[in-house]
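Notes follow the structure.
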Amino acid sequence: MVLHDKLGFLMSSAHALSPAVLIRELIDSPAVQRAFEFVDSHLDEITEEQIRICSIPAPPFGEQQRAEYLRTRFLALGLTDAKIDEEGNCLALRRGQSAAPLLVVSAHLDTVFPEGTDTTVRREGNRLLAPGISDDGCGLAALIAIADALRTARIETDGSLLFVGTVGEEGEGNLRGVRHLLTRGEWTNRIDAFLSFDGHGTERITNRALGSRRYRVRLRGMGGHSWSDFGIANPVHALGRAITRLVSYPAPMNPRTTFNVGRIEGGKSINAIPQEASMDVDLRSAGADELLKLDAFFRRAIREAVDDENAMSRHGGRPLELKVDLIGERPGGETGPDTPLVRFAWEATEALGHKPALDQASTDSNLPISLNIAALTLGAGGTASNAHSLDEWYDPRGRDIGLKRGLLVVLAMAGLRK
Ligand SMILES: [Zn+2]
């Protein structure tokens, strides 16, 4: 595979070293020390940048203004080819000695908060409070800080870096930005590895992608009077039958597998047989095969439930119409713990005095992982809580560790030119 050839070549020619030794050599190099000094002496400015980014609203499907701001910052930092692509992602290139390997360094532009949400940042002691301040204001600030550190330290790399602010990472966005980047955009088939900074943290290394499928189920029937038309197929009753089947599913604990009927709707009146009913269902599994099994069970459960309801109909009227739409799909999978990308992240975390922890989540990395592109998601330093709520906060203490770790992983992957 191209990826392994390129990265294998890089590993064997530029530094035939173990990941631990390579990370140590990077830390000891004057260029990386200069980059670290930049981080240490610019922490306040990086926080100011994060506040600026966070105060530009980026609701789902409304990321343009923030993308445009990021583009101007990328240009100011000497990146080239800065542009907004057809999907709305903001891209900019940092050319190395050669075009390959090409590493994506990304964070997501969008927040979960609807248009009109007040994203003004308040300070309370060490904490910054605002919706989206950490997720992913922290990651976007990291992209700018890393580009700035590389420039200030006059670092050159063997491979190239593609900086990307993605759209549509959160819920309904369904990874549309990263999906475009990797399957339809001009960089498709040219990306060798993918790194995402998402939220806070100095230890987390998300190398496993939590897969999910989301459905909207809609049922339509004739409707009628609850007494005089009794026996007509009832869409709400059919949903009830379907849910009863679904909840009997023996979801395994390992790999962790879950289902949730999160929204249900239907009917107009207590004494009318509804004409319509619908529900939204979220299926997840840490195992790709388990997700497929659950998915098949769910679809069969719906079909059988509707058939049963139709079969019970005493009026011989029109049977219920069933419509099942896949409204979200995030493929699962993993970047193996022994791949260079994960090993570098692990060793960098340890070398900076922290305890690395591999974990699993649903992030932009799901998409590259499903395409067999080495990918992982890192916290960009600091601490935070209450993500996806109006009470979200971020504490920048420890941001330096996240940024230094990010720099080390980027340079280990792209190769530091001496
Ligand atoms: Zn996020």
Side-chain angles (χ1 to χ4, degrees), residues 1-8 19 101-108 136 139 162 164 166 168-171 173-185 187-199 201 204-215 251-260 282-299 326-346 356-379 409 413:
M1 224 167 80
V2 178
L3 161 70
H4 292 122
D5 287 344
K6 280 181 193 159
L7 294 179
L102 181 67
L103 171 68
V104 168
V105 184
S106 73
H108 66 86
D136 193 15
L162 184 64
V164 185
T166 61
E169 190 272 345
E170 299 287 5
N174 199 27
L175 308 182
R176 66 189 177 96
V178 68
R179 202 181 299 270
H180 179 85
L181 177 73
L182 294 171
T183 65
R184 291 189 296 274
W187 295 96
T188 300
N189 296 327
R190 292 157 69 187
I191 291 161
D192 299 296
F194 182 96
L195 186 59
S196 164
F197 291 97
D198 201 339
R204 188 164 50 85
I205 300 168
T206 303
N207 68 316
R208 281 171 297 143
L210 180 60
S212 68
R213 308 198 98 198
R214 290 172 178 175
Y215 288 100
M253 297 290 282
N254 188 20
R256 183 172 161 79
T257 301
T258 64
F259 52 79
N260 184 56
D282 173 63
L283 311 175
R284 299 185 184 215
S285 180
D289 290 347
E290 282 299 332
L291 183 59
L292 289 179
K293 258 167 69 181
L294 172 60
D295 185 76
F297 181 90
F298 165 74
R299 297 212 260 176
L326 183 66
I327 55 174
E329 182 175 26
R330 292 175 175 235
E334 80 166 340
T335 301
D338 297 326
T339 55
L341 183 58
V342 178
R343 297 283 294 122
F344 292 147
W346 183 277
L358 298 182
D359 83 350
Q360 180 165 40
S362 179
T363 70
D364 266 344
S365 289
N366 280 50
L367 224 278
I369 286 174
S370 76
L371 299 170
N372 281 322
I373 296 170
L376 56 80
T377 297
L378 296 175
V409 175
M413 288 301 286

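These values consider heavy atoms only, across backbone and side chains, with no hydrogens, waters or symmetry-generated copies. Nothing fancy with the numbering, it's 1 onward along the sequence.
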- Task: Just do the side chain to side chain contact (heavy atoms under 4.5 Å, CB included) check on Trp187 and Leu102 with the steps written out, would you?
- Result: CA-CA 10 Å; Trp187 295 96; Leu102 181 67; 3.5 Å; yes

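- Checked against a 6.0 Å centroid threshold, the rings of Phe298 and Tyr215 count as neighbours.
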- Message: Could you go through Asn207 and Leu341, starting from their C-alpha distance and side-chain angles, then the distance that decides it, and tell me whether this counts as side chain to side chain contact (heavy atoms under 4.5 Å, CB included)?
- Response: CA-CA 9 Å; Asn207 68 316; Leu341 183 58; over 6 Å; no

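- Put simply, the side chain of Leu181 reaches to within 4.5 Å of the side chain of Ile191, judged on heavy atoms.
- Closest heavy-atom contact between Arg284 and Ser212: CG-CB, 3.7 Å.
- Judged by distance alone, the side chain of Asp338 and the main-chain N or O of Arg343 form no donor-acceptor pair under 3.5 Å.
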- Item | Intermediate values then yes/no, side-chain hydrogen bond (donor to acceptor under 3.5 Å, both in side chains), Asp198 and Thr377 | CA-CA 6 Å; Asp198 201 339; Thr377 297; 5.9 Å; no

- Task: Would you please test Val105 and Phe197 for side chain to side chain contact (heavy atoms under 4.5 Å, CB included) and show each step?
- Result: CA-CA 8 Å; Val105 184; Phe197 291 97; 3.7 Å; yes

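- Atom CZ of Arg256 has 12 or fewer neighbouring heavy atoms from other residues, nucleotides or ligands inside a 6.0 Å radius.
- Checked by atom type and distance alone, the side chain of Asn174 pairs as donor or acceptor with a backbone atom of Glu329 at under 3.5 Å.
- With rounding to the nearest 0.5 angstrom, the CG atom of Leu175 is 9.5 Å from the OG atom of Ser365.
- Rounded to the nearest 0.5 angstrom, Leu182 CG and Thr188 OG1 are separated by 6.5 Å.
- Side-chain N or O atoms of Asn366 include one that pairs as donor or acceptor with a backbone N or O of Pro331 at under 3.5 Å.
- In this structure, Arg179 CZ and Thr166 OG1 are separated by 12.0 Å, a value rounded to the nearest 0.5 Å.
- Between Gln360 and Ala209, the shortest heavy-atom distance links the atoms NE2-O, 3.5 Å.
- Leu378 places a side-chain heavy atom less than 4.5 Å from the side chain of Ile205.
- Among all heavy-atom pairs drawn from Leu291 and Leu283, the shortest one is CD1-O, 3.7 Å.
- When atom types are taken as modelled, the side chain of Thr257 and the backbone of Ser285 share no donor-acceptor pair closer than 3.5 angstrom.
- Salt bridge status for Asp295 with Arg299: present, with a side-chain N to carboxylate O gap under 4.0 Å.
- Within the 4.5 Å cutoff, side-chain heavy atoms of Leu376 are placed close to those of Leu195.
- Taking both residues in full, the closest heavy atoms of Val409 and Ala345 are given as CG2-CA, 3.6 Å, listed atom of the first, atom of the second, then distance.
- Side-chain N or O atoms of Thr335 include one that pairs as donor or acceptor with a backbone N or O of Ala375 at under 3.5 Å.
- Looking only at side-chain heavy atoms (C-beta outward), Val178 and Glu169 stay at 4.5 Å or farther from each other.
- Put simply, the side chain of Asp136 gets close to the backbone of Gly199: a donor and an acceptor are under 3.5 Å apart.
- Note that the CD1 atom of Ile369 and the OG1 atom of Thr363 stand 6.5 Å from one another [nearest 0.5 Å].
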- Task: Would you check, one step at a time, whether the test side chain to side chain contact (heavy atoms under 4.5 Å, CB included) holds for Leu358 with Trp346?
- Result: CA-CA 8 Å; Leu358 298 182; Trp346 183 277; 3.9 Å; yes

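- Residues Leu367 and Phe194 are not in side-chain contact: their nearest non-hydrogen atoms beyond the backbone lie 4.5 Å or more apart.
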